[in-house]
Amino acid sequence: MTSLIALVLAFVFAVVLSHNNHEICLRVPERGAPGPRGPEGLKGDVGPTGQCQYNLREVVQLREELFRLLEALREDTCLAGVKSGKVRDDEMTASSFYLQIYAAHQGRLDGDGFWHPDVSKYESPGEWLQVDLRGPTTVTGVVTQGSGGSAGCTTCWVSSFKISFGNSTNQMQVITDVDGHEIIFEGNTDRETRVRNMLPNPIRARYFRLITVTFHGRISVRLDYLTC
Ligand SMILES: *[C@@H]1O[C@H](CO)[C@@H](O)[C@H](O)[C@H]1NC(C)=O
(Lines give C-alpha, C1' and ligand atoms only; values in the text may rest on other atoms or scores of the structure.)
Protein backbone atom coordinates (compact mmCIF):
# COMPACT_ATOMS: atom_id res chain seq x y z
CA MET A 1 0.00 0.00 0.00
CA THR A 2 2.81 2.39 0.92
CA SER A 3 4.43 1.75 -2.43
CA LEU A 4 1.14 2.46 -4.17
CA ILE A 5 0.89 5.80 -2.39
CA ALA A 6 4.50 6.52 -3.32
CA LEU A 7 3.67 5.74 -6.95
CA VAL A 8 0.62 7.98 -6.92
CA LEU A 9 2.67 10.82 -5.43
CA ALA A 10 5.40 10.27 -7.99
CA PHE A 11 2.76 10.36 -10.70
CA VAL A 12 1.38 13.66 -9.44
CA PHE A 13 4.89 15.09 -9.28
CA ALA A 14 5.64 13.76 -12.74
CA VAL A 15 2.56 15.47 -14.14
CA VAL A 16 3.58 18.73 -12.47
CA LEU A 17 7.03 18.16 -13.90
CA SER A 18 5.90 17.62 -17.47
CA HIS A 19 3.85 20.80 -17.27
CA ASN A 20 6.90 22.53 -15.96
CA ASN A 21 8.65 22.01 -19.31
CA HIS A 22 12.22 20.74 -19.27
CA GLU A 23 12.66 21.06 -15.53
CA ILE A 24 15.04 18.31 -14.50
CA CYS A 25 14.58 19.00 -10.84
CA LEU A 26 11.44 18.01 -8.98
CA ARG A 27 11.72 20.14 -5.90
CA VAL A 28 11.03 23.74 -6.68
CA PRO A 29 14.35 25.46 -6.00
CA GLU A 30 14.31 27.59 -2.90
CA ARG A 31 14.95 31.21 -3.33
CA GLY A 32 18.68 31.80 -3.01
CA ALA A 33 20.21 33.88 -0.31
CA PRO A 34 20.81 37.45 -1.35
CA GLY A 35 24.09 37.86 -3.19
CA PRO A 36 26.73 40.49 -2.60
CA ARG A 37 25.52 43.95 -3.00
CA GLY A 38 26.16 45.31 -6.50
CA PRO A 39 27.71 48.60 -7.37
CA GLU A 40 25.48 51.58 -6.98
CA GLY A 41 22.36 51.26 -9.19
CA LEU A 42 22.89 47.46 -10.04
CA LYS A 43 21.25 44.37 -8.50
CA GLY A 44 23.32 41.95 -6.47
CA ASP A 45 23.93 38.27 -7.54
CA VAL A 46 21.60 35.50 -6.50
CA GLY A 47 22.94 33.04 -3.94
CA PRO A 48 22.85 29.17 -4.14
CA THR A 49 19.44 27.52 -4.62
CA GLY A 50 17.83 24.42 -3.09
CA GLN A 51 18.86 20.85 -3.92
CA CYS A 52 17.13 18.51 -6.37
CA GLN A 53 15.55 15.52 -4.63
CA TYR A 54 14.64 13.25 -7.56
CA ASN A 55 15.98 12.98 -11.05
CA LEU A 56 13.79 12.96 -14.11
CA ARG A 57 14.57 9.40 -15.21
CA GLU A 58 13.51 7.91 -11.87
CA VAL A 59 10.25 9.83 -12.00
CA VAL A 60 9.51 8.77 -15.57
CA GLN A 61 10.18 5.12 -14.62
CA LEU A 62 7.83 5.43 -11.65
CA ARG A 63 5.20 6.96 -13.86
CA GLU A 64 5.50 4.08 -16.37
CA GLU A 65 5.24 1.60 -13.51
CA LEU A 66 2.12 3.33 -12.26
CA PHE A 67 0.54 3.25 -15.72
CA ARG A 68 1.21 -0.51 -15.94
CA LEU A 69 -0.32 -1.00 -12.50
CA LEU A 70 -3.42 1.06 -13.37
CA GLU A 71 -3.76 -0.81 -16.67
CA ALA A 72 -3.64 -4.16 -14.85
CA LEU A 73 -6.22 -2.94 -12.31
CA ARG A 74 -8.47 -1.74 -15.11
CA GLU A 75 -8.06 -5.05 -16.94
CA ASP A 76 -8.79 -7.03 -13.76
CA THR A 77 -12.20 -5.39 -13.34
CA CYS A 78 -13.23 -6.97 -16.67
CA LEU A 79 -12.02 -10.53 -15.99
CA ALA A 80 -14.53 -13.37 -16.28
CA GLY A 81 -13.61 -14.95 -12.92
CA VAL A 82 -10.90 -17.49 -13.75
CA LYS A 83 -8.29 -15.51 -11.81
CA SER A 84 -10.57 -14.70 -8.88
CA GLY A 85 -11.83 -18.26 -8.43
CA LYS A 86 -15.43 -17.37 -9.30
CA VAL A 87 -14.97 -20.02 -12.00
CA ARG A 88 -14.69 -23.19 -9.92
CA ASP A 89 -12.04 -25.89 -10.33
CA ASP A 90 -14.53 -28.32 -11.86
CA GLU A 91 -15.49 -25.70 -14.45
CA MET A 92 -12.03 -25.85 -15.97
CA THR A 93 -11.20 -28.85 -18.12
CA ALA A 94 -8.54 -29.75 -20.65
CA SER A 95 -7.80 -32.18 -23.48
CA SER A 96 -5.28 -33.78 -21.09
CA PHE A 97 -3.11 -32.80 -18.14
CA TYR A 98 0.08 -33.97 -16.51
CA LEU A 99 -0.45 -34.77 -12.81
CA GLN A 100 -2.96 -33.01 -10.58
CA ILE A 101 -0.54 -30.13 -9.95
CA TYR A 102 -0.82 -29.22 -13.65
CA ALA A 103 -4.57 -29.84 -13.95
CA ALA A 104 -6.80 -27.50 -15.96
CA HIS A 105 -7.86 -25.48 -12.91
CA GLN A 106 -4.21 -24.57 -12.26
CA GLY A 107 -4.30 -22.47 -15.43
CA ARG A 108 -5.54 -19.29 -13.73
CA LEU A 109 -4.21 -15.87 -14.66
CA ASP A 110 -1.56 -14.69 -12.15
CA GLY A 111 -1.84 -18.05 -10.32
CA ASP A 112 1.06 -19.96 -8.79
CA GLY A 113 0.54 -23.00 -11.01
CA PHE A 114 -0.24 -23.48 -14.69
CA TRP A 115 -1.97 -25.98 -16.95
CA HIS A 116 0.31 -28.45 -18.67
CA PRO A 117 -0.91 -31.29 -20.94
CA ASP A 118 0.04 -34.91 -20.36
CA VAL A 119 3.72 -35.83 -20.87
CA SER A 120 2.95 -37.60 -24.13
CA LYS A 121 1.12 -34.50 -25.42
CA TYR A 122 2.76 -31.44 -24.01
CA GLU A 123 4.45 -30.89 -27.33
CA SER A 124 1.30 -31.55 -29.37
CA PRO A 125 -0.46 -28.62 -31.02
CA GLY A 126 -4.21 -28.95 -30.62
CA GLU A 127 -4.19 -29.51 -26.86
CA TRP A 128 -6.84 -27.29 -25.32
CA LEU A 129 -7.94 -25.67 -22.06
CA GLN A 130 -11.65 -25.01 -21.57
CA VAL A 131 -13.54 -22.70 -19.22
CA ASP A 132 -17.22 -23.15 -18.42
CA LEU A 133 -18.70 -19.75 -17.57
CA ARG A 134 -21.82 -21.49 -16.23
CA GLY A 135 -24.18 -19.62 -18.54
CA PRO A 136 -24.09 -17.55 -21.73
CA THR A 137 -21.55 -14.79 -21.09
CA THR A 138 -20.40 -12.01 -23.39
CA VAL A 139 -16.66 -12.31 -23.87
CA THR A 140 -14.63 -9.54 -25.52
CA GLY A 141 -11.09 -10.89 -25.24
CA VAL A 142 -8.62 -13.25 -23.63
CA VAL A 143 -5.56 -12.64 -21.45
CA THR A 144 -2.83 -15.29 -21.40
CA GLN A 145 0.40 -15.95 -19.53
CA GLY A 146 3.02 -18.71 -19.60
CA SER A 147 4.24 -20.92 -16.77
CA GLY A 148 5.20 -18.04 -14.47
CA GLY A 149 7.74 -18.19 -11.68
CA SER A 150 7.13 -21.78 -10.57
CA ALA A 151 9.97 -24.23 -10.96
CA GLY A 152 8.00 -26.65 -13.17
CA CYS A 153 8.78 -25.11 -16.54
CA THR A 154 11.00 -22.08 -16.79
CA THR A 155 10.77 -21.38 -20.53
CA CYS A 156 7.26 -22.54 -21.30
CA TRP A 157 4.40 -20.67 -22.91
CA VAL A 158 1.94 -20.81 -25.81
CA SER A 159 2.99 -18.47 -28.60
CA SER A 160 -0.13 -18.75 -30.75
CA PHE A 161 -3.62 -20.21 -30.35
CA LYS A 162 -7.18 -20.36 -31.61
CA ILE A 163 -10.31 -19.88 -29.54
CA SER A 164 -13.46 -21.93 -29.90
CA PHE A 165 -16.77 -21.27 -28.19
CA GLY A 166 -20.27 -22.69 -27.81
CA ASN A 167 -23.24 -23.19 -25.53
CA SER A 168 -22.62 -26.92 -25.62
CA THR A 169 -19.28 -28.74 -25.65
CA ASN A 170 -20.58 -30.80 -28.59
CA GLN A 171 -21.06 -27.72 -30.70
CA MET A 172 -17.91 -25.70 -30.39
CA GLN A 173 -16.92 -23.41 -33.25
CA VAL A 174 -13.58 -21.73 -33.83
CA ILE A 175 -13.53 -17.91 -34.05
CA THR A 176 -13.06 -16.90 -37.67
CA ASP A 177 -12.39 -13.68 -39.55
CA VAL A 178 -14.80 -12.08 -42.04
CA ASP A 179 -13.54 -14.45 -44.77
CA GLY A 180 -14.28 -17.50 -42.63
CA HIS A 181 -10.62 -18.29 -41.88
CA GLU A 182 -9.84 -19.46 -38.35
CA ILE A 183 -8.12 -16.65 -36.46
CA ILE A 184 -4.73 -17.45 -34.96
CA PHE A 185 -4.06 -15.16 -32.01
CA GLU A 186 -0.50 -14.12 -31.10
CA GLY A 187 0.20 -15.48 -27.65
CA ASN A 188 3.05 -15.07 -25.19
CA THR A 189 6.74 -14.42 -25.67
CA ASP A 190 7.82 -15.08 -22.09
CA ARG A 191 6.54 -16.99 -19.08
CA GLU A 192 5.20 -14.04 -17.06
CA THR A 193 3.98 -11.06 -19.09
CA ARG A 194 0.23 -10.87 -19.70
CA VAL A 195 -0.80 -10.74 -23.35
CA ARG A 196 -4.27 -9.45 -24.14
CA ASN A 197 -6.07 -10.39 -27.36
CA MET A 198 -9.40 -8.78 -28.17
CA LEU A 199 -11.91 -10.81 -30.19
CA PRO A 200 -13.00 -9.28 -33.51
CA ASN A 201 -16.50 -9.02 -32.02
CA PRO A 202 -17.87 -9.81 -28.55
CA ILE A 203 -19.12 -13.41 -28.41
CA ARG A 204 -21.92 -14.66 -26.19
CA ALA A 205 -21.48 -18.30 -25.14
CA ARG A 206 -21.03 -20.55 -22.13
CA TYR A 207 -17.84 -22.46 -23.02
CA PHE A 208 -14.57 -21.00 -24.27
CA ARG A 209 -11.60 -23.10 -25.29
CA LEU A 210 -8.01 -22.05 -25.98
CA ILE A 211 -6.55 -24.40 -28.60
CA THR A 212 -2.75 -24.49 -28.82
CA VAL A 213 -1.22 -23.77 -32.23
CA THR A 214 2.45 -23.05 -31.41
CA PHE A 215 4.36 -23.00 -28.15
CA HIS A 216 7.78 -22.47 -26.62
CA GLY A 217 9.30 -25.24 -24.51
CA ARG A 218 6.21 -27.17 -23.46
CA ILE A 219 2.57 -26.13 -23.63
CA SER A 220 1.90 -24.14 -20.45
CA VAL A 221 -0.96 -21.71 -19.93
CA ARG A 222 -2.55 -19.42 -17.40
CA LEU A 223 -5.50 -17.36 -18.62
CA ASP A 224 -8.71 -15.49 -18.02
CA TYR A 225 -11.32 -14.03 -20.36
CA LEU A 226 -12.44 -10.42 -20.60
CA THR A 227 -16.09 -9.46 -20.35
CA CYS A 228 -15.69 -5.74 -21.05
C1 LIG B 1 -25.79 -19.09 -26.41
O2 LIG B 1 -27.03 -18.81 -25.83
C3 LIG B 1 -27.32 -17.42 -25.68
C4 LIG B 1 -28.65 -17.28 -24.95
O5 LIG B 1 -29.59 -18.13 -25.45
C6 LIG B 1 -27.36 -16.77 -27.05
O7 LIG B 1 -27.58 -15.39 -26.91
C8 LIG B 1 -26.01 -16.99 -27.74
O9 LIG B 1 -26.03 -16.46 -29.04
C10 LIG B 1 -25.70 -18.46 -27.79
N11 LIG B 1 -24.36 -18.64 -28.29
C12 LIG B 1 -24.05 -19.49 -29.25
C13 LIG B 1 -22.63 -19.57 -29.64
O14 LIG B 1 -24.87 -20.22 -29.78
Side-chain angles (χ1 to χ4, degrees), residues 71-98 102-111 113-118 121-147 156-189 193-216 218-228:
E71 181 56 23
L73 286 174
R74 199 194 63 79
E75 191 169 84
D76 276 18
T77 62
C78 288
L79 296 179
V82 179
K83 172 179 170 172
S84 70
K86 189 173 143 238
V87 172
R88 297 187 310 247
D89 287 358
D90 62 358
E91 290 164 336
M92 294 178 73
T93 46
S95 47
S96 74
F97 64 88
Y98 174 58
Y102 302 110
H105 68 262
Q106 305 286 359
R108 297 179 188 272
L109 192 72
D110 291 335
F114 56 93
W115 164 66
H116 192 39
D118 185 60
K121 294 180 179 156
Y122 57 38
E123 294 178 351
S124 310
E127 290 291 295
W128 50 261
L129 175 62
Q130 175 178 289
V131 174
D132 174 2
L133 296 172
R134 231 178 288 169
T137 306
T138 302
V139 164
T140 58
V142 60
V143 185
T144 54
Q145 284 172 315
S147 59
C156 299
W157 54 87
V158 164
S159 42
S160 67
F161 58 87
K162 301 175 193 174
I163 297 281
S164 68
F165 61 95
N167 283 331
S168 147
T169 52
N170 303 323
Q171 287 180 334
M172 301 292 281
Q173 54 186 113
V174 173
I175 298 179
T176 55
D177 61 20
V178 283
D179 300 323
H181 300 124
E182 294 183 346
I183 296 180
I184 295 177
F185 295 97
E186 294 293 321
N188 296 85
T189 54
T193 311
R194 286 181 180 195
V195 171
R196 176 176 56 202
N197 275 282
M198 300 310 286
L199 310 186
N201 295 298
I203 290 176
R204 194 162 173 78
R206 173 171 172 176
Y207 299 95
F208 287 84
R209 205 179 267 185
L210 175 145
I211 305 167
T212 308
V213 175
T214 58
F215 55 91
H216 187 274
R218 297 163 181 170
I219 297 169
S220 302
V221 176
R222 292 176 294 161
L223 59 66
D224 204 337
Y225 289 92
L226 294 167
T227 56
C228 57

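Read the numbers this way: they start at 1 and go in the same order the structure lists the ligands and their atoms. Positions are given from 1 along the sequence.
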> For Thr144, give me all partners under side chain to side chain donor-acceptor pair (under 3.5 Å), at least two apart in sequence or on another chain.
Asn188
> Please tabulate, one pair per line, all N/O donor-acceptor pairs under 3.5 Å involving side-chain atoms of residues 172-180, not counting sequence neighbours.
| from | atom 1 | to | atom 2 | distance (Å) |
| --- | --- | --- | --- | --- |
| Asp177 | OD1 | Asp179 | N | 2.9 |
| Asp177 | OD1 | Gly180 | N | 3.1 |
| Asp177 | OD1 | His181 | N | 2.9 |

> List by chain and number: which residues place a heavy atom under 4.0 Å from ligand 1?
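The answer is Pro136, Phe165, Asn167, Arg204, counting any residue whose heavy atom sits under 4.0 Å from ligand 1.
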> For Arg218 and Glu123, work out which heavy atoms get closest and say how close.
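Of all heavy-atom pairs spanning Arg218 and Glu123, the closest is CG-OE2, 4.1 Å.
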> Would Tyr102 and Phe97 count as a close aromatic pair, with their ring centres under 6.0 Å?
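No - the distance between ring centres of Tyr102 and Phe97 does not fall below the 6.0 Å cut-off.
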> Report the residue from Val142, Leu109, Asp76 that forms a side chain to side chain contact (heavy atoms under 4.5 Å, CB included) with Asp224.
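Per the side chain to side chain contact (heavy atoms under 4.5 Å, CB included) rule, the option paired with Asp224 is Leu109, out of Val142, Leu109, Asp76.
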> Under the rule for side chain to side chain donor-acceptor pair (under 3.5 Å), what residues qualify as partners of Ser95, not counting sequence neighbours?
Glu127
